[in-house]
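What you are looking at is a predicted structure, and each value in this text was computed from that prediction instead of being measured.
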Amino acid sequence: MDISVIIHTFNEEANLPYALRSVQDWASEILIVDMGSTDKTLEIAQSFGVRILNYPAVGYVEPARAFAVEQARFSWVFILDADELLPKPLAKQLLEIADNDLADVVLIPRFNYMIGAPIQGAGWGPEQDTHPRFFKKGSISFSPKIHVVPKILDNQRVLRLPYQEGVAIIHFNYLDFEQFIGKLNHYTTIHAQERQNSNDAPQTGRTLFKALARWLYRYIYLKGYRDGWRVFISPVS
């Protein structure tokens with residue numbers, strides 16, 4: 001079964017070679033959708049012989065993903081971030097699903113690493129953090145807003161893969177505190193701009209209460225306490 005792999009990039013020269021090597025043996029085509037990289041990202045992509053698409057640097061990936069899916073040549077699409085890897089056991093399972101037409105959308109667990117250690121709870125453990133990353137074109141739709149999970153359309157056959165070793169996307173979320181602070185500043189700026197554009201009146205007290213309630217939910221109910229101090233840097237979006 002032919003499969004299109006989509007990877008979005010912005011200055012990913014350090015990560016991109018590993019992501020590409022993890023999919024190059026089984027992808028029928030690889031699309032890099034780049035948002036204005038100024039480092040060696042495009043040079044690396046060209047060395048792998050992939051298709052390169054350009055998209056405006058809007059600061060987040062959702063619109064670029066929707067654009068790239070429309071450009072994909074094949075009906076099955078797999079989406080991988082540049083800071084992620086696809087293990088071979090997972091690739092084998094996805095190929096079997098496509099070859100036997102077992103689903104229209106596949107929810108895949110993700111194994112997150114933050115500053116040198118795997119995360120087990122807070123909504124980011126591999127049993128908790130799943131994404132519709134493998135799907136047939138026309139089975140999901142993307143929101144133009146940041147950090148909104150794609151919507152699975154009606155009447156689609158959805159298969160959720162249970163987590164087991166080797167059957168999860170490997171995600172290197174934050175490598176160090178500098179990267180954490182950089183991403184935090186970047187995304188909070190975008191969220192603030194979205195709120196300003198929507199003309200929502202600022203509600204500081206309500207916002208702080210919701211943030212605290214969400215954090216407690218992740219810490220207690222989703223067992224973030226298992227991750228020690230790393231729970232304090234777990235993404236809350």
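Note on D101 versus R157: salt bridge recorded, some NZ/NE/NH1/NH2 to OD/OE distance being below 4.0 Å. Between E29 and R51 a salt bridge is recorded (basic side-chain N to carboxylate O distance below 4.0 Å). Between K137 and E70 there is no salt bridge, since no side-chain nitrogen of the basic residue lies less than 4.0 Å from a carboxylate oxygen of the acidic one.
Hydrophobic clustering keeps V23 apart from F74 (ILVMFWY residues linked when any side-chain heavy atoms are closer than 4.5 Å, directly or through intermediates). Using a 4.5 Å cut-off between side-chain heavy atoms of Ile, Leu, Val, Met, Phe, Trp and Tyr, with links allowed through other members, I169 and V105 fall into different hydrophobic clusters. Criterion: ILVMFWY side-chain heavy atoms under 4.5 Å apart, direct or through other members. Under it, F135 and L94 are not part of a common hydrophobic cluster. In the hydrophobic cluster analysis, where Ile, Leu, Val, Met, Phe, Trp and Tyr join through side-chain heavy atoms closer than 4.5 angstrom, W26 is grouped together with L80.
Atom CZ of F172 is separated from atom CD1 of I170 by 6.5 Å, given to the nearest 0.5 angstrom. Atom CG of L16 is separated from atom CZ of R21 by 9.5 Å, given to the nearest 0.5 angstrom. Rounding to the nearest 0.5 Å places NE2 of H131 at 3.5 Å from CZ of R110. Atom CZ of R133 and atom CD1 of I140 lie 10.0 Å apart (nearest 0.5 Å). From S75, atom OG reaches atom CE of M1 across 6.0 Å, with rounding to the nearest 0.5 Å. Rounded to the nearest 0.5 Å, atoms CD1 (I108) and CG (D129) are 11.5 Å apart.
Across all non-hydrogen atoms, the minimal contact from N54 to F67 is O-CE2, 3.9 Å. The shortest heavy-atom contact between E12 and P17 is O-CD, 4.5 Å. The minimum heavy-atom distance between A103 and L159, with the atom names listed, is CB-CB, 3.7 Å. In terms of heavy atoms, T9 sits closest to A82 at CG2-CB, 4.4 Å. When all heavy atoms of I119 and P126 are compared, the pair lying nearest together is O-CD, 3.7 Å. Looking at every heavy atom in both residues, A19 comes nearest to L85 through N-CD2, 3.8 Å.
When the salt bridge (charged side-chain N to carboxylate O under 4.0 Å, His left out) test is applied to D34, no partner is found at least two apart in sequence or on another chain. Partners of P109 by side-chain contact (heavy atoms from CB on, under 4.5 Å), not counting sequence neighbours, listed by chain and number: T130, L161, Y163, A168. Qualifying side-chain contact (heavy atoms from CB on, under 4.5 Å) partners for N155, counting only residues two or more places apart in sequence or in other chains: none.
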- Item | Step-by-step side chain to side chain contact (heavy atoms under 4.5 Å, CB included) determination, V69 to I6 | CA-CA 8 Å; V69 169; I6 293 171; 3.8 Å; yes
- Start with the C-alpha distance between V77 and I79, add both sets of side-chain angles, then the distance that settles side chain to side chain contact (heavy atoms under 4.5 Å, CB included), and finish with yes or no. CA-CA 7 Å; V77 175; I79 292 179; 4.2 Å; yes
- Task: Test side chain to side chain donor-acceptor pair (under 3.5 Å) on S139 and D104 and set out the steps.
- Result: CA-CA 7 Å; S139 62; D104 301 312; over 6 Å; no
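Aromatic ring orientation, W76 versus F134: parallel (interplanar angle below 30°, classes split at 30° and 60°).
Applying side-chain contact (heavy atoms from CB on, under 4.5 Å) to I7 and the options L20, V50, V33 leaves one that passes, L20.
Annotation: Y18, atom OH; neighbour count of heavy atoms from other residues, nucleotides and ligands within 6.0 Å does not exceed 12.
Side chains of H171 and D81: no donor on one and acceptor on the other come within 3.5 Å.
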